[in-house]
A.B. asks: 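Input: one structure, supplied below.
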Amino acid sequence: MFFEPREYDLAGRITRLTTRHGSIETPYLFPVINPLKQEVPLDKLLELGFNGLITNAYLFYKRNKGVAKPIHDELKWSKTIMTDSGGYQVLIYGDVEVDNKTIVSYQRRIGVDIGVILDKPTGNRASYKEAVESIYETYRRAVEAAPLISDSDQLWVLPIQGIPYNELVERSSILAWKLPVYSIYAIGSPTVLLEKYSYSKIIESLILAKRLLPPGKPIHVFGVGHPMALPFLVAAGGDLFDSASYILYARDDRYMTETGTRNIRDLHYLPCNCPVCSRYTAKELLELPRQERTRLIALHNLYMLSKELKNVKQAIMEGRLWELLEYKSKGHPSLREAFNVLVKYRDLLKQYNPLSKPDTKALFLIDRSSTRNPRVEETKTRISNILGDSLRNKYIIIIPAYRKPYTSQDEYLDLENNLRGNNSIQVLFIHPFLGVIPPGLSSTYPFYQHESRFTTRDISPMEIGSLLSTLSRQGAKKIIIVEASWFTRKLYTKILRAFPDLRDKIAIYRIDEISSQIPL
C-alpha cells in the first residue's frame with residue numbers, strides 16, 4: 001500500500017505515504033523550490049525534517065529545452081520530489097507553451113515521484129460558466145493522461161476544480177472518483193484566498209470534496225503555506241500541502257507567526273526561539289545584506305511551518321485536535337470564521353472521528369464552543385441511546401455534576417442510602433458541557449477524564465433545557481432537579497422560560513426536600 005493511515009482525529013489523520021524515493025509522514029507540506037534558483041540550501045530542508053519537495057516541471061522543461069534529465073540528479077536531491085505541471089502559470093498567465101500529454105510524459109521521463117496533470121485551474125475570480133468549463137476541461141485532460149500513467153509506479157495527482165462554487169467542487173469530486181488510476185486528489189487554486197486570509201471558503205470546499213472522494217487516498221491542497229491555516233485544513237481532511245510562501249514572504253521581509261504575518265520592520269522582538277530568532281534581534285536582521293536577511297527569514301518561516309505540523313500531529317495522537325482549533329480560533333478573526341465552518345460541518349467530521357482512542361488524553365472543556373466538539377456530541381448521543389426506554393414511567397433525579405468522581409458527591413451518597421432497591425427512581429448527573437451522565441459511567445472517558453472550568457455565562461439554558469426535554473420525551477414520569485452548585489433556581493427559571501412545555505414535568509428542590517416529593 002502506498003498510503004497507510006495510522007491515527008485519526010476529526011477528519012485529520014497521520015499516515016505514511018510511500019513513494020519511489022522514500023516515505024513521507026502526513027500531514028506534510030512540500031516546500032516549493034525554484035529549479036533555476038534556490039535561496040535556501042536543500043540540505044537545510046532536510047535538517048528541518050522536510051524529506052520531500054515540490055518544483056515546477058514546466059520551468060524544468062523550459063530550462064532544459066524539453067530534454068528529459070533525471071530530476072533527482074539535477075537537483076542533487078535523493079528524497080521525494082513532487083512536480084507541478086504548470087497549472088499555476090496557466091492560472092496567472094492564461095496558458096503555457098506545452099500541452100497536457102507532453103508535460104505528463106515529461107514528468108514520467110525525468111523520474112518524479114509525484115506528478116500532476118496539466119489542469120485548467122478555476123481561479124478565484126472565475127464566473128460560474130468559466131468554473132464549469134475548468135471542471136470539464138480538467139476532467140478531459142485527466143482522461144487523456146490516464147493511458148500515459150496507468151502502468152507507472154509514480155503517484156499521479158488529479159486536481160479538483162470549482163472553488164468558490166460549492167456545487168461545482170462536489171461535481172468535480174464525483175467526476176474524479178470515476179478515474180481510479182489517480183493516487184492523490186488536490187484542491188486547486190486557492191492561493192488568492194489564502195493571501196487574503198480567506199480560509200473559510202477553502203475549508204468548506206475541502207470538507208465537501210473529502211465527503212465525495214475515495215477515503216483511502218490522500219488529499220493535497222495547493223498553495224497553502226501559512227502555519228495559522230494548517231490545523232484547520234488538516235481537521236477538514238487535508239493530508240498534503242505545498243507552498244513557496246516561506247521564501248516569497250522572506251523576500252518582502254515578512255515574518256510568519258502563529259496568528260499572522262508581520263513585517264520584520266514592525267517587530268521590536270522576535271516571538272520565536274528557533275535558531276534564527278535565538279541568534280538575531282529584529283534590528284540585527286535588518287542590518288544584514290538583503291540576500292542574507294532573506295535566507296534567514298525564510299529559514300524562520302520554515303521552522304514555523306515544521307513546528308505547526310508537529311503540533312497538529314501531536315494533537316491528533318492525543319485526540320485533542322478540536323481543542324487545538326478552539327485555542328487557535330481565538331488568535332485571529334479569520335481563524336474564528338474558519339472554526340465556525342468546522343462547527344457547521346461537524347456532523348460530517350463525526351464520520352471520521354473516533355469516539356475515543358487508547359492513548360486519548362483528558363478532554364479540555366474551555367467554554368461553550370467545547371460543546372460542539374464532535375466527540376462530546378457523539379458521547380451525548382450514545383448516552384441517550386443507552387438510556388433509551390429505561391426511563392419510562394420513572395422518577396428521574398438530576399444531580400448537577402461538579403466534583404469528580406461524581407458518585408462521591410454528598411447529594412448522590414445521600415440519595416444512594418435511601419434508594420437501594422427502589423426501581424421506580426433513576427438518578428442521573430448533568431454537566432453543562434458533557435450532558436447527562438449515568439452514575440455507572442461517571443468513572444469512564446470522558447466523564448472522568450476531562451478538565452473544565454465554567455462560569456454562569458458558559459451555561460446555556462437552551463442546551464440544559466434541551467437535555468431535560470429529551471429525558472421527558474423518553475417517558476419519565478417526573479424530573480426532579482437537585483438545587484446545588486451551578487444548577488440554581490435562577491437557571492431553572494430561565495429553562496422554564498425557554499421551554500414552557502416542561503412546567504408540569506420538572507421541578508427543583510434542595511436535597512433535604514426531595515424525600516417529601518417522591519416515594520423514596
Side-chain angles (χ1 to χ4, degrees), residues 27 29-34 37-50 53 190-200 202-203 221 223-234 241-315 323-339:
L29 183 140
F30 292 93
V32 174
I33 71 150
N34 188 327
K37 176 186 177 184
Q38 179 58 19
E39 288 152 294
V40 176
L42 298 189
D43 60 346
K44 283 292 183 182
L45 297 182
L46 277 177
E47 283 183 22
L48 292 172
F50 293 100
L53 56 81
T191 307
V192 176
L193 293 173
L194 288 165
E195 289 173 352
K196 297 179 179 179
Y197 289 2
S198 300
Y199 303 127
S200 58
I202 304 165
I203 289 168
V221 184
V224 172
H226 203 291
M228 65 191 295
L230 287 174
F232 297 87
L233 289 162
V234 170
F241 311 93
D242 73 87
S243 184
S245 62
Y246 72 96
I247 187 65
L248 296 178
Y249 287 7
R251 290 171 188 162
D252 293 333
D253 292 334
R254 288 189 287 169
Y255 177 99
M256 288 182 181
T257 72
E258 292 182 0
T259 56
T261 307
R262 306 288 300 278
N263 192 293
I264 196 76
R265 289 175 171 76
D266 297 329
L267 294 175
H268 297 284
Y269 304 95
L270 300 180
C272 174
N273 61 355
C274 75
V276 173
C277 300
S278 297
R279 179 177 177 183
Y280 298 92
T281 65
K283 184 174 182 294
E284 288 170 340
L285 283 175
L286 286 170
E287 291 171 350
L288 293 173
R290 170 163 289 279
Q291 185 175 357
E292 179 64 5
R293 181 168 73 246
T294 296
R295 184 184 70 83
L296 290 172
I297 296 175
L299 279 174
H300 158 78
N301 290 342
L302 284 167
Y303 274 106
M304 287 299 299
L305 290 165
S306 176
K307 174 188 173 185
E308 197 60 43
L309 287 171
K310 291 174 182 176
N311 286 341
V312 170
K313 290 177 186 177
Q314 185 63 30
E323 294 158 42
L324 178 65
L325 301 179
E326 283 187 84
Y327 168 74
K328 296 285 187 181
S329 71
K330 295 175 173 62
H332 194 282
S334 68
L335 297 183
R336 193 64 187 181
E337 186 180 34
F339 181 71

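This is a predicted model, so every value here is computed, not measured.
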A.B. asks: Could you tell me if Thr261 and His226 have a donor-acceptor pair between their side chains, going purely by distance under 3.5 Å?
C.D. replies: yes

A.B. asks: Do Cys272 and Tyr303 make a side-chain contact, defined as non-hydrogen atoms from C-beta onward lying under 4.5 Å apart?
C.D. replies: no

A.B. asks: What closest approach, in Å, do Tyr199 and Ala229 show between heavy atoms, and which atom pair accounts for it?
C.D. replies: CE2-CB, 3.5 Å

A.B. asks: Could you tell me if the side chain of Met256 sits less than 4.5 Å from the side chain of Glu308, heavy atoms only?
C.D. replies: no

A.B. asks: Quick check: does any side chain N or O of Ser278 sit under 3.5 Å from a backbone N or O of Asn273, one acting as donor and the other as acceptor?
C.D. replies: yes

A.B. asks: Would you say Asp242's side chain and Val32's backbone share a donor-acceptor pair under 3.5 angstrom?
C.D. replies: no

A.B. asks: Please report the interatomic distance CE(Met304) to OG(Ser245), rounded to the nearest 0.5 Å.
C.D. replies: 11.5 Å

A.B. asks: When rounded to the nearest 0.5 angstrom, what is the spacing between CZ in Arg295 and NZ in Lys44?
C.D. replies: 6.5 Å

A.B. asks: Of all the heavy-atom pairs spanning Ala298 and Ala250, show the shortest one and how long it is.
C.D. replies: N-CB, 3.5 Å

A.B. asks: Surrounding NZ of Lys330 (heavy atoms of other residues, nucleotides or ligands, distance under 6.0 Å), is the total greater than 12?
C.D. replies: yes

A.B. asks: Any chance you could measure Glu39, atom CD, to Ile297, atom CD1, to the nearest 0.5 Å?
C.D. replies: 11.5 Å

A.B. asks: Check whether more than 12 heavy atoms from other residues, nucleotides or ligands sit under 6.0 Å from atom OH of Tyr327, and answer yes or no.
C.D. replies: no

A.B. asks: Do the non-hydrogen side-chain atoms of Leu230 and Asn311 ever get within less than 4.5 Å of each other?
C.D. replies: no

A.B. asks: Roughly how far, to the nearest 0.5 Å, is the CG atom of Leu299 from the OG atom of Ser306?
C.D. replies: 12.0 Å

A.B. asks: Are the side chains of Leu325 and Phe232 in touch, meaning some heavy atoms are under 4.5 Å apart?
C.D. replies: yes

A.B. asks: Contact between Phe241 and Val234 at the side-chain level, heavy atoms closer than 4.5 Å - yes or no?
C.D. replies: yes

A.B. asks: Quick one: closest heavy-atom pair of Lys313 and Pro27, and the distance?
C.D. replies: CE-O, 3.1 Å

A.B. asks: According to salt bridge (Lys or Arg N to Asp or Glu O under 4.0 Å), who are the partners of Glu326, at least two apart in sequence or on a separate chain?
C.D. replies: none

A.B. asks: If we only count heavy atoms from C-beta on, is the Leu270 to Ile264 side-chain gap below 4.5 Å?
C.D. replies: yes

A.B. asks: Does Pro289 offer a backbone N or O that forms a donor-acceptor pair with the side chain of Glu292 under 3.5 Å?
C.D. replies: no

A.B. asks: Okay, side chain of Arg279, backbone of Cys274: is any donor-acceptor separation there less than 3.5 Å?
C.D. replies: no

A.B. asks: Looking at Ser243 and Val224, what are the two nearest heavy atoms and their distance?
C.D. replies: CB-O, 3.0 Å

A.B. asks: Please answer whether the main-chain N or O of Arg290 pairs with a side-chain N or O of Thr294 as donor and acceptor at a distance below 3.5 Å.
C.D. replies: yes

A.B. asks: Please check if the number of heavy atoms outside Gln291 that lie under 6.0 Å from its CD is greater than 12.
C.D. replies: no

A.B. asks: What heavy-atom pair brings Pro271 and Thr257 nearest, and what distance separates the two atoms?
C.D. replies: CG-CG2, 4.3 Å

A.B. asks: Using every non-hydrogen atom in the two residues, find where His332 and Thr259 come nearest and quote the distance to one decimal.
C.D. replies: CD2-O, 3.4 Å

A.B. asks: Any side-chain heavy atom of Lys328 within less than 4.5 Å of one from Met228?
C.D. replies: no

A.B. asks: So, Arg293 side chain and Leu288 main chain: donor-acceptor pair closer than 3.5 Å or not?
C.D. replies: yes

A.B. asks: How long is the span from the CD1 atom in Ile33 to the CZ atom in Phe50, to the nearest 0.5 Å?
C.D. replies: 13.5 Å

A.B. asks: Rounded to the nearest 0.5 Å, what separates atom CD in Glu284 from atom CG in Leu296?
C.D. replies: 11.0 Å

A.B. asks: Using 30° and 60° as the class boundaries, would you call the ring planes of Tyr255 and His300 parallel, tilted or perpendicular?
C.D. replies: parallel

A.B. asks: So, using side chain to side chain donor-acceptor pair (under 3.5 Å) as the criterion, who are the partners of Arg254 when residues are at least two apart?
C.D. replies: none

A.B. asks: Are any of the side-chain heavy atoms of Lys307 and Pro227 separated by less than 4.5 Å?
C.D. replies: no

